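Just so it is clear, the model here is predicted, and its values are computed rather than measured.
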There are 2 protein chains.
Amino acid sequence: MNVISTKSKEDKVNTITEMCKLFQVSARTLRFYESKELLFPIRKGQHRLFTKSDRGRMKLIMQGKRFGFSLEEIRQLLNLYNFGDHRTRQIKQTYQLGLKRLCSMEQQRKELGIAIKDLKTQLQLCKDLLVKRGADSKDL
Amino acid sequence: MNVISTKSKEDKVNTITEMCKLFQVSARTLRFYESKELLFPIRKGQHRLFTKSDRGRMKLIMQGKRFGFSLEEIRQLLNLYNFGDHRTRQIKQTYQLGLKRLCSMEQQRKELGIAIKDLKTQLQLCKDLLVKRGADSKDL
DNA sequence: GTTAAACTTAACGTAAACGTCAGAACATTT
DNA sequence: AAATGTTCTGACGTTTACGTTAAGTTTAAC
């Protein structure tokens, strides 16, 4: 109906169930994240509507969780992606935190690489033993 | 006193407080891990003594935790590093699990690389804004 | 216009991973 | 032998991150 459909993708908002399907989480989880100030859905009356900003934040939240960060640790960093509407002083703090987080993530990446290598070695040893014990190679 | 000191480093056992200092965890944590069958300290009377095997396991536990794995997930994989004393059938299972875990760790490493890159970009944007707002560059 | 579907708040429950005592046993120092 | 230090086994408490009803409200369908 709108002749001027202004960037439908950018402006699109999602209901809570749509968000659930998008990110494979429960409604409770989304409400919980809002209560912890990780998401800021707008309201249409009483109902929540999730914006592009929320979708971006959710992606980061899911990522952070996979890497073993707590929700609180994630929340602190999220401000880095919405810094437009904050005071200079707070942006500076978030920036500093971002630098630290970057360091620890690079460290984690290194360690992960080593752990992967170790695991490979261990798997080979394990495989050798199984073969020696007469296991059928095709089973592995 | 022992003329033949048989590899003191390998055979060395640690009291619980020594282990606490070694790995920067509480005694409760070590006992908890034992109750969950992640560690198997030997006993001298009532007291626990942690062996080289326990030290190795602890290292893997700490690593696993940093990567965001649960204690149960870690426990299952730990058997991979002590497979000598298990039945072939169980070793096969652990081996299969190890392969899967390896996959997800490599996946995680990839994602971590991307996340690091994104974070760097975002930090740069943030820095630009701060400079534009007249922040002293040396503060950053 | 009412019934059903989707959504809401509020409150209690739960699993994981420990923290924090209490009370007793054992070991060591003095 | 008495005091001190270390360790032990419960057992209850706590935080994080949600799950799970319950009971009411709003929106969409018929």
Side-chain angles (χ1 to χ4, degrees), chain A residues 1 12-51 54-55 57-79 97 101 104 108, chain B residues 1 12-51 54-55 57-79 97 101 104 108:
Chain A
M1 321 297 180
K12 182 168 188 184
V13 291
N14 297 108
T15 69
I16 198 162
T17 27
E18 284 168 359
M19 277 294 271
C20 291
K21 280 169 195 166
L22 261 173
F23 292 98
Q24 300 293 318
V25 296
S26 71
R28 170 70 171 123
T29 298
L30 294 172
R31 297 194 192 103
F32 181 70
Y33 289 172
E34 183 189 11
S35 80
K36 292 288 171 181
E37 300 184 41
L38 284 102
L39 297 176
F40 302 95
I42 56 177
R43 299 296 176 118
K44 181 189 161 195
Q46 201 172 8
H47 293 26
R48 291 171 178 81
L49 288 178
F50 296 85
T51 70
D54 293 313
R55 290 191 292 274
R57 283 167 165 268
M58 253 322 256
K59 194 185 159 192
L60 291 169
I61 293 168
M62 302 298 278
Q63 234 175 52
K65 287 199 58 183
R66 275 211 76 187
F67 303 150
F69 292 112
S70 73
L71 291 183
E72 175 54 22
E73 285 171 324
I74 293 169
R75 189 191 64 78
Q76 290 170 21
L77 251 193
L78 277 176
N79 291 329
L97 198 123
R101 199 60 56 85
S104 85
Q108 187 171 344
Chain B
M1 323 294 182
K12 182 169 186 184
V13 291
N14 297 108
T15 69
I16 197 162
T17 28
E18 284 167 359
M19 277 294 272
C20 291
K21 280 169 194 168
L22 261 174
F23 293 97
Q24 301 291 320
V25 296
S26 71
R28 169 71 171 123
T29 297
L30 294 172
R31 295 193 193 105
F32 181 68
Y33 289 172
E34 184 189 11
S35 80
K36 293 288 173 181
E37 300 184 40
L38 284 101
L39 297 176
F40 302 95
I42 55 177
R43 298 296 176 119
K44 181 189 161 197
Q46 202 174 10
H47 292 26
R48 291 171 179 80
L49 288 177
F50 296 86
T51 70
D54 294 312
R55 290 191 292 273
R57 282 164 165 270
M58 254 320 258
K59 194 185 158 191
L60 290 169
I61 293 169
M62 302 298 280
Q63 234 175 54
K65 287 199 58 183
R66 275 211 76 185
F67 302 151
F69 292 112
S70 73
L71 291 182
E72 176 54 23
E73 286 171 324
I74 294 169
R75 189 190 64 78
Q76 290 170 20
L77 210 57
L78 276 176
N79 291 330
L97 198 124
R101 198 60 56 85
S104 85
Q108 186 171 344

Engineer: What string of B, S and - do you get for nucleotides 8-16 of chain D, 5' to 3', when a contact is any protein heavy atom under 4.0 Å?
Structural biologist: BB-------
Engineer: Just to confirm, is there a sub-4.0 Å distance from OP1 or OP2 of C/dC18 to any side-chain nitrogen or oxygen of B/S26?
Structural biologist: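 Negative; the distance criterion is not met.
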Engineer: Apply side-chain contact (heavy atoms from CB on, under 4.5 Å) to B/R55 and list each qualifying residue two or more places apart in sequence or on a separate chain.
Structural biologist: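 Testing B/R55 for side-chain contact (heavy atoms from CB on, under 4.5 Å), a comparison that skips the adjacent residues, returns B/K12, B/N14, B/M19, B/L22, B/F23, B/K52.
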Engineer: So, using side-chain contact (heavy atoms from CB on, under 4.5 Å) as the criterion, who are the partners of B/T29 when residues are at least two apart?
Structural biologist: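 Expected list: B/V25, B/S26, B/Y33.
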Engineer: Ignoring backbone atoms, test whether A/T15 places a side-chain nitrogen or oxygen under 4.0 Å from the OP1 or OP2 oxygen of C/dA6.
Structural biologist: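 Negative; the distance criterion is not met.
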Engineer: Whole Å only: how far is the CD atom of B/Q24 from the P atom of C/dG19?
Structural biologist: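 It is 13 Å, rounded to the nearest whole Å.
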Engineer: Whole angstroms only, please: what is the CG-C1' distance between A/L30 and C/dT8?
Structural biologist: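 Going from CG in A/L30 over to C1' in C/dT8 covers 14 Å.
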Engineer: Tell me, do A/L97 and A/N79 make a side-chain contact under 4.5 Å, heavy atoms counted?
Structural biologist: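 No, side chains not in contact.
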Engineer: When rounded to the nearest 0.5 angstrom, what is the spacing between CD in B/Q76 and OG in B/S70?
Structural biologist: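 Here the interatomic distance stands at 7.5 Å.
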Engineer: Is B/T29 near enough to C/dG19 that one of its side-chain N or O atoms lies under 4.0 angstrom from OP1 or OP2?
Structural biologist: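 For B/T29, the contact criterion (side-chain N or O under 4.0 Å from OP1 or OP2 of C/dG19) is met.
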Engineer: Per the end-axis method with five pairs at each terminus, what is the bend angle of the helix from C/dG1-D/dC30 to C/dT30-D/dA1, to 10°?
Structural biologist: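 So the angle between the two local helix axes works out to 0°.
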Engineer: Need one value for A/K65: base, sugar-phosphate or nothing, where a base atom within 4.0 Å counts as base even if backbone is also close, heavy atoms only.
Structural biologist: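 Counting heavy atoms under 4.0 Å across all strands, the contact made by A/K65 is with sugar-phosphate only.
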Engineer: Evaluate the side-chain proximity of B/L78 to B/E37: yes if any heavy-atom separation is below 4.5 Å, no if none is.
Structural biologist: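 No, side chains not in contact.
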Engineer: Nearest-Å distance, CZ (B/R66) to P (C/dA17)?
Structural biologist: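 Checked: the CZ to P distance equals 18 Å.
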Engineer: Can you check the B/F23 CZ to C/dC18 P distance for me, whole Å?
Structural biologist: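 Interatomic distance, CZ of B/F23 to P of C/dC18: 14 Å.
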Engineer: Tell me the closest heavy-atom pair linking A/R57 and A/L39, and the distance in Å.
Structural biologist: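 So the two residues come closest at CB-CD2, 3.9 Å.
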Engineer: In whole angstroms, how far is the C1' atom of C/dC18 from the CZ atom of B/R75?
Structural biologist: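 After rounding, the reported distance stands at 18 Å.
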Engineer: For B/R75, check salt bridge (charged side-chain N to carboxylate O under 4.0 Å, His left out) against everything at least two apart and list the hits.
Structural biologist: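 Counting only residues at least two positions away or on another chain, B/R75 forms a salt bridge (charged side-chain N to carboxylate O under 4.0 Å, His left out) with B/E72.
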Engineer: Ignoring backbone atoms, test whether A/Y33 places a side-chain nitrogen or oxygen under 4.0 Å from the OP1 or OP2 oxygen of D/dA17.
Structural biologist: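 No, A/Y33 has no side-chain N/O under 4.0 Å of OP1/OP2 on D/dA17.
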Engineer: In whole Å, I'd like the distance from the CG atom of B/L39 to the C1' atom of C/dA17.
Structural biologist: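 Between C1' of C/dA17 and CG of B/L39: 14 Å.
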Engineer: Rounded to the nearest 0.5 Å, how far apart are OG1 of A/T51 and CG of A/D54?
Structural biologist: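 The OG1 atom of A/T51 sits 4.0 Å away from the CG atom of A/D54.
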Engineer: List for me each residue that meets side-chain contact (heavy atoms from CB on, under 4.5 Å) alongside B/R48, sequence neighbours excluded, and say none if there are none.
Structural biologist: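 B/R48: side-chain contact (heavy atoms from CB on, under 4.5 Å) contacts with B/I16, B/R31, B/E34, B/P41, B/R43, B/F50.
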Engineer: CE of B/M19 versus C1' of D/dT7: gap in Å, rounded?
Structural biologist: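 In whole Å, D/dT7 C1' lies 15 Å from B/M19 CE.
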Engineer: Grab the CE-C1' distance between A/M62 and D/dC18 for me, whole Å please.
Structural biologist: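 One finds 13 Å between C1' of D/dC18 and CE of A/M62, rounded.
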